[in-house]
Protein chains: 2
Amino acid sequence: MSERPKIKDIAERAGVSVATVSRALSGSSLVTDETRQRINALARELNYRPNVSARNLRTRRSMSVLLVVRDVGNPFYLEILKGVEATAREAGYAVLMGNTENDPDREVEYFNMLRDGHADGMILMTGKLPPPEPGESADLSHLPVVIALEMIEGSGFPHVQIDNVAAAEAAVDHLIALGHRRIAHIAGPLPEVMALHRRDGYRAAMKAAGLAVPEGYEVRGDYLLESGEACASDLFALPEPPTAIFAANDEMAYGAIHALRRLGREVPGDVSVVGFDDLYLSKAFYPPLTTVSQPRADIGRTAMSQLLNVLSDGDVAAEPAIVLPTTLNIRGSTAPPRK
Amino acid sequence: MSERPKIKDIAERAGVSVATVSRALSGSSLVTDETRQRINALARELNYRPNVSARNLRTRRSMSVLLVVRDVGNPFYLEILKGVEATAREAGYAVLMGNTENDPDREVEYFNMLRDGHADGMILMTGKLPPPEPGESADLSHLPVVIALEMIEGSGFPHVQIDNVAAAEAAVDHLIALGHRRIAHIAGPLPEVMALHRRDGYRAAMKAAGLAVPEGYEVRGDYLLESGEACASDLFALPEPPTAIFAANDEMAYGAIHALRRLGREVPGDVSVVGFDDLYLSKAFYPPLTTVSQPRADIGRTAMSQLLNVLSDGDVAAEPAIVLPTTLNIRGSTAPPRK
DNA sequence: TTGAAAGCGCTAACAA
DNA sequence: TTGTTAGCGCTTTCAA
C-alpha cells in the first residue's frame with residue numbers, strides 16, 4: 001500500500017471480510033485468535049491506522065474534549081491543562097484548546113463545537129455561560145460539561161473547585177496570627193464570582209478577629225501586575241497605610257511588592273504580603289511569596305474524570321460538586337509587624 | 001427539530017434537495033439568491049451546524065492542527081500557543097495539544113495522528129523527530145509539518161526560530177561591555193541543539209573579546225530552577241568565582257540568583273546575571289532580570305502561517321527557514337563589576 | 001440552477 | 001465465528 005491503507009486492504013490480503021478486520025482490530029472476542037493475529041500482523045505491516053473521521057461519523061463520538069479558558073496565555077492554567085491532558089490521554093481522548101478572551105461569540109462557538117461533533121464534552125473554566133440564544137431553547141444543562149476553577153452559580157453542571165472563601169480566610173488569619181491588625185485587600189475584578197469569594201474570605205477573617213476594615217482598605221484590581229502596583233500605591237497614599245496586604249492573586253502581589261520597594265518599604269520588614277495561586281516560580285521570587293496554593297493538576301485531573309463519568313453514563317446531574325483542599329504556603333513575604 | 005438537525009431536515013423544509021442545501025450553505029454560486037436566503041434562514045432557525053465528522057470524512061480534512069511540545073506545563077510555550085491559536089482560528093482551524101514528555105512512543109503517536117486524519121498538519125516544538133519505524137519507509141519529510149523553536153538539523157521541514165547563537169553572543173557582549181571579564185555560563189542540557197547553540201554564542205563572545213573561559217566556568221544544567229541553584233553553588237566554590245553569569249534560560253537564572261543570595265552575594269552588586277527567554281513576570285522578579293527576549297507570540301503566528309501555506313499548496317519544501325529577531329532586555333540584574 | 005446518486009471508511013445489526 | 005449489508009451526514013460528480 002503506497003497510500004494510507006484502509007480496512008478493506010487488510011481484509012483483502014487476509015482473505016476475510018472487513019467486518020472481521022474491524023472486529024479483530026477492536027479486540028472483539030468474536031474472532032479466533034488465529035485470525036486476529038494474522039490481521040494484527042498485517043495491520044502492523046501495512047502501518048494501518050483507522051481513519052478517525054469515518055470512525056467518528058459511525059460511532060458518533062469524536063474522542064476529543066474541549067478545554068475552554070479565558071486566556072490561553074495565562075500560566076495559571078498550565079498545570080490544570082497538564083492534569084486534564086494526562087487523564088484525557090489515558091482514556092483515549094485528545095484535548096482541544098479553546099480560548100474565549102471573554103468574547104461572547106467565542107463562548108457560543110465553543111458550545112457549538114459540542115453540538116457539531118467536534119468534541120464529546122467540555123471543561124469550562126471561564127466562569128461564564130454563553131448568553132442564551134435568541135430563538136432556540138436556551139437549555140444547555142444536558143450537555144456534557146464540567147465547570148472547573150471558576151464556578152457558575154446555578155448552572156446545573158458539575159463543578160470542580162476550591163473553597164475560595166475559606167482559603168482567603170486562612171490567608172488573612174495567618175496575617176492576623178502574626179500580629180497584624182491593619183490588613184488591606186487588593187481584590188480581583190469584582191463583581192466576578194471568584195474575586196467576590198476571596199474578598200468575602202478577607203472580610204470574614206477580619207470580622208472574626210474583631211478587626212475593622214478601614215475606608216480605602218479594599219481596592220479593586222484586575223489580576224494583572226500593573227494593577228497590583230497601582231493598588232499598593234493607593235493603599236500607601238492613605239493617611240494610615242496597612243502593615244499587611246492580602247492580594248487576590250500572586251501576580252498582583254508581585255506588583256504590590258514592586259510598588260512597595262519603589263516606595264522604600266521593605267517586604268516583609270515594613271509590610272507583609274500574601275498572594276493567592278502559588279504560580280510557577282513563586283518560590284523563586286524575592287522574597288519568596290507566602291501564598292495560597294491550589295491543587296491545580298488535581299483540579300485538571302478531577303475535572304477530566306468527572307467529564308469521563310458524564311460521558312460514560314450520560315448523566316450530568318449525577319455528578320457532585322467537588323471541592324478540593326488548598327494549602328497556605330508560608331514563605332518569606334510575611335512576618336510580624338514592626339513594633 | 002428536537003435532535004440535532006441534519007442537512008436533510010433543512011432540505012425537506014425548504015422543499016429542495018440536500019445537494020442544494022449543501023451548496024447554499026457553502027456559499028456556492030450555483031444557487032439562486034432566493035433559495036440561498038431561504039435555506040440560510042432555515043438553518044439559523046433550526047440552529048443547524050454541519051456535522052464535522054461527516055464533512056471531514058468526505059473532504060478528507062480535519063481542519064485541526066496539532067501543536068506538539070515537550071511539556072505542556074512549561075509556561076514558556078504559552079505565548080507561542082497563543083500565537084498559534086489566534087492564527088489557526090482565523091483560518092478556521094482548531095488546535096489540538098500534544099505533549100510528549102520526551103517519550104518516543106508519544107512522539108510517534110502524534111505523527112500518526114497526522115496520518116489517521118486527526119489533524120491536517122503539525123507544529124513540532126520538541127526538537128526531535130521520532131525514531132524511524134522498523135519496517136516502514138522512514139520518510140516523514142512529505143508530511144505537513146513545521147518545526148518551531150527548537151530546530152532539527154537536516155529534517156527537511158520548514159523552520160521558525162531565533163538565532164540562539166547570536167542572541168547568546170549579544171547577552172554576553174552586554175556583560176563584557178559592562179566591564180566583566182570573569183564570565184561563567186550555566187548551560188542547558190547539552191548536547192541538545194538549543195543548549196549547544198546558546199553555549200556556542202557564549203564561547204564566541206568570549207573569544208571575540210579575547211577572554212579565556214577558565215576551567216569550571218561552563219556548567220551544565222537542565223533548564224530547571226534547582227539546577228540553576230546547584231550550578232551557581234558550583235561556580236562559587238571555584239577558587240576564582242565569576243563576576244557575571246550568563247544562564248541559558250530565565251529559570252536557571254532565577255535559581256542562580258537564589259543561590260547567590262543564600263551565599264551572601266548581591267545581584268547585581270557582587271554578581272551580574274543574564275537570563276534567556278524573558279519569561280512571563282520576569283520583569284516582576286527582584287532584581288528585574290536582564291534577559292534575551294524571544295518574540296514568542298510571533299513565533300507561534302509565523303509557524304502557523306507557514307503551516308497554512310504548506311496545507312494550501314502542499315509543498316513542504318517550498319517554505320523557507322525563518323529566523324525571527326530577538327532583543328536583549330537590559331534590566332536590573334546586571335551592572336558593572338565591583339572595582 | 002437543481003436533483004439523484006455515489007461514496008468517503010468505518011461499525012454494527014442481522015443472518016448464516 | 002464469520003460475512004453481508006446498511007447506513008453515519010456530508011460533498012460532489014453527473015445528468016437533467
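So you know, we letter chains A, B, ... as the sequences are listed, proteins then strands, and number each from 1. Note that the coordinates shown come from a computational prediction; the quantities given were computed from them, not determined experimentally.
Put simply, the side chain of A:Leu66 does not reach to within 4.5 Å of the side chain of A:His118, judged on heavy atoms. Contact check for A:Asp120 versus A:Tyr93: side-chain heavy atoms found under the 4.5 Å cut-off. At least one side-chain heavy atom of A:Tyr110 sits less than 4.5 Å from a side-chain heavy atom of A:Thr100.
Side chains of B:Ser305 and B:Thr302: no donor on one and acceptor on the other come within 3.5 Å.
Judged by closest nucleotide on DNA chain C, B:Ala19 is the one of A:Lys8 and B:Ala19 placed further toward the 5' end. Residues A:Leu30 and A:Val18 both approach DNA chain D. Their nearest nucleotides, taken by heavy-atom distance, put A:Leu30 toward the 5′ side.
The base of D:dT5 lies outside donor-acceptor range of the side chain of A:Arg58, with no N or O pair under 3.5 Å.
Comparing D:dC10, D:dC8, D:dT2 by their nearest atom to the side chain of B:Ala54 picks out D:dC10. Comparing atom distances between the B:Val31 side chain and each of D:dT2, C:dT2, C:dG9 picks out C:dT2 as nearest.
In this structure, the CG atom of A:Asp116 is 13 Å from the C1' atom of D:dC10, given to the nearest Å. Between A:Leu57 atom CG and D:dC10 atom P there is a gap of 9 Å when expressed in whole angstrom units. Rounded to an integer number of Å, the gap from B:Arg23 CZ to D:dT11 C1' is 9 Å. Straight-line distance from the CD atom of A:Glu34 to the C1' atom of D:dT2: 13 Å, rounded to whole Å. Atom CE of A:Met63 and atom C1' of C:dT11 are 15 Å apart (whole Å). To the nearest angstrom, P of D:dG3 lies 8 Å from CD1 of A:Ile39. Spacing between atom CD of B:Glu12 and atom P of D:dG9 amounts to 13 Å, rounded to whole angstrom units. Here C:dC10 presents its P atom at 9 Å from CG of A:Leu25, a figure rounded to the nearest Å.
Using a 4.0 Å heavy-atom distance criterion, B:Arg60 is classed as a sugar-phosphate-only contact. Using a 4.0 Å heavy-atom criterion, one finds that B:Thr35 contacts the sugar-phosphate atoms exclusively. Across all strands shown, B:Ser22 has heavy atoms under 4.0 Å from base atoms, whether or not it also approaches the sugar-phosphate. Using a 4.0 Å heavy-atom distance criterion, A:Ser26 is classed as making no nucleic acid contact.
Taking 4.0 angstrom as the limit, B:Thr32 places a side-chain polar atom (N or O) nearer than this to OP1 or OP2 of C:dT2. Note on A:Thr59: every side-chain N or O is 4.0 Å or more away from OP1 and OP2 of C:dT11. Phosphate proximity of C:dG3 to B:Thr20: present, with a side-chain N or O under 4.0 Å from OP1 or OP2. Taking side-chain N and O atoms only, B:Tyr48 has no distance below 4.0 Å to OP1 or OP2 of D:dG9.
By the 4.0 Å N-to-carboxylate-O rule, A:Asp116 lies too far from B:Arg4 to be salt-bridged with it.
Summarising the geometry of B:Val323 relative to B:Ile162, their closest heavy-atom pair is CG1-C, 4.1 Å, with the distance given to 0.1 Å.
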